[in-house]
Amino acid sequence: MPAEGCTFSLVVPVYNEGPNIAPFYERVACVMQGLGEPYEIIFVNDGSQDDTLDRLLALAGKDPRVKVIDLSRNFGKEIALTAGIDHATGEAVIPIDADLQDPPELIPELVAKWREGYDVVYATRREREGESWLKRATAHLFYRVAEKITPIKIPRDTGDFRLMSRPVVEALKRLRERNRFMKGLFAWVGFKQTAVYYRRERRHAGKTKWNYWKLWNFALEGITSFSYIPLQFATYFGLTVALFAFIYALFIVVRTLLFGRDVPGYPSLITVILFLGGVQLFAIGILGEYIGRIYSEVKQRPLYIVKGRYGFHRIREAQRSEGPNRTAKKIGSLSG
């Protein structure tokens, strides 16, 4: 249940975002004070190696509405976001990045739609400034491929920036899978959803933590978490290759019987063997992606480990994110 009097919870995962903390806080505080309702800002320090934590603790010492969760190491943005959502107490929860690419000034528009009765109000990008044409093109392609091969509708060109009502948050907290694709989980829970559109700005400071290798793995995570079509593709592709191989074998046998020609020689044989070997390795690779995720899930490790919590005055029963598997009771070692 939300804490008494808390209307909004902002969840801000941060990793080496020291230069962005102060300007982000100033803009967010200005916007939230303009709404005239109680709020909290939950920063999740995802194992930062710069002065991010020191800056956050300084803010928490000045503003009681600022709360800090310090994870024991870098668990990744999806897990950090989950930790923040687990600890959020507001009637509405708003995930947002600290790099100011997603403008806090859009929050009142999200709130207005929530007041109209929507449970999820997600922010969809019309423009993406400060990004290369390759990144924009691959992002454009990913969202459209995901839309085609997943059974749920993941909104196009939409990140984590959104507003979610308390029922949506409680539903999300029940989803404890280890390999997390939050954009898919936001869509999977359903409820009444709508979009607002905006222009995504450049980063205020620093460099993005997402290189192309991480983005590729993130795309694989999204596809394998919500679709088994790659497995079906491997099956049908294998059947197609086998069918053509059988037809080709019949052709060679018939040609040899009718015209007395020899079976094709070494070059053609090696070509076929290499092709079939490549198909088999491709199919095994797809299986490996799914098996690796099964392996990660069955170990049932906690999603995250909290090294420290600052600005929280008591442990809430609702924050028992692991149910019966939860063993850590100390504030300084809370597991998610």
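Note that the numbering runs from 1 along the sequence shown for the chain. Given the structure is predicted, the values throughout are model-derived calculations rather than measurements.
- Under the rule for a ring-ring contact (aromatic ring centres under 6.0 Å, His included), the partners of Phe8 that lie at least two apart in sequence or sit in another chain are Trp114.
- When all heavy atoms of Gln193 and Gly190 are compared, the closest pair comes out as NE2-O, 2.8 Å.
- With contacts defined as side-chain heavy-atom distances shorter than 4.5 Å, the pair Tyr198/Asp102 qualifies.
- With no hydrogens or angles considered, no side-chain donor-acceptor pair links Glu91 and Thr7 at under 3.5 Å.
- Of the possible donor and acceptor atoms, none in the side chain of Asp160 sits under 3.5 Å from a partner among the backbone N and O of Pro95.
- Here the CG atom belonging to Leu106 is positioned 10.0 Å from the CD1 atom belonging to Ile94, to the nearest 0.5 angstrom.
- Listed here is the closest heavy atom pair of Ile85 and Lys173: O-CD, 4.1 Å.
- Using a 4.5 Å cut-off on side-chain heavy atoms (C-beta onward), Pro103 and Arg27 make contact.
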CA sep, side-chain torsions, deciding dist, call: Val120, Phe186, side-chain contact (heavy atoms from CB on, under 4.5 Å):
CA-CA 8 Å; Val120 178; Phe186 292 148; 5.8 Å; no

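- Under the 4.5 Å side-chain heavy-atom criterion for grouping Ile, Leu, Val, Met, Phe, Trp and Tyr, Phe161 is not connected to Tyr197 through any hydrophobic cluster.
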Begin from the C-alpha positions of Leu110 and Arg162 and carry the test side-chain contact (heavy atoms from CB on, under 4.5 Å) through to its verdict.
CA-CA 7 Å; Leu110 302 180; Arg162 65 191 63 214; 5.7 Å; no

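- The minimum heavy-atom distance between Thr89 and Ser9, with the atom names listed, is N-OG, 3.3 Å.
- Distance check, rounded to the nearest 0.5 Å: CG of Leu100 to CD of Glu17 gives 9.0 Å.
- The two residues Ala195 and Thr124 make their nearest non-hydrogen contact at CB-OG1, 3.8 Å.
- A distance-only check finds a donor-acceptor pair linking the side chain of Asp99 to the backbone of Gln101 [under 3.5 Å].
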Report the C-alpha distance between Asp86 and Arg176 in whole Å, list the side-chain angles of each, state the deciding distance to 0.1 Å, and finish with yes or no for salt bridge (Lys or Arg N to Asp or Glu O under 4.0 Å).
CA-CA 11 Å; Asp86 287 346; Arg176 308 312 294 178; 3.1 Å; yes

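- In this structure, the side chains of Leu185 and Glu177 come closer than 4.5 Å at one or more pairs of heavy atoms.
- Side chains of Asp70 and Asn45: a donor-acceptor N/O pair is present below 3.5 angstrom, by distance only.
- Applying the salt bridge (charged side-chain N to carboxylate O under 4.0 Å, His left out) test to Arg73 and every residue at least two apart in sequence or in another chain returns nothing.
- One finds the CZ atom of Phe43 at 8.5 Å from the OH atom of Tyr25 (value rounded to the nearest 0.5 Å).
- Heavy atoms only, all atoms of each residue included: Val66 and Leu56 are closest at CG1-O, 4.4 Å.
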Given His87 and Val11, is the side-chain contact (heavy atoms from CB on, under 4.5 Å) satisfied, shown in steps?
CA-CA 9 Å; His87 289 75; Val11 175; over 6 Å; no

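- Here the straight-line distance linking atom NZ of Lys67 with atom OH of Tyr310 works out to 15.5 Å at 0.5 Å rounding.
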Please report the C-alpha distance between Leu35 and Ile107 in whole Å, then the side-chain angles of each, then the deciding distance to 0.1 Å, and finally whether the side-chain contact (heavy atoms from CB on, under 4.5 Å) criterion is met.
CA-CA 9 Å; Leu35 291 176; Ile107 291 176; 4.2 Å; yes

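- To the nearest 0.5 Å, atoms OH (Tyr122) and CE (Met164) are separated by 14.0 Å.
- Side chain of Arg180 to main chain of Leu175: a donor-acceptor pair is present (N/O by atom type, distance under 3.5 Å, no hydrogens or angles).
- Between Tyr304 and Asp46, the side chains place no donor N or O within less than 3.5 Å of an acceptor N or O (distance only, hydrogens not considered).
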Using salt bridge (Lys or Arg N to Asp or Glu O under 4.0 Å), reason through Glu170 and Arg174 one step at a time and then give a plain yes or no.
CA-CA 7 Å; Glu170 293 301 323; Arg174 296 172 59 189; over 6 Å; no

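- Between Val14 and Ser48, the closest heavy-atom pair is O-OG, 3.6 Å.
- Every residue two or more places apart in sequence or in another chain that forms a salt bridge (charged side-chain N to carboxylate O under 4.0 Å, His left out) with Asp63 is listed here: Arg65.
- Remark: Leu172 CG to Leu81 CG distance equals 9.0 Å, nearest 0.5 Å.
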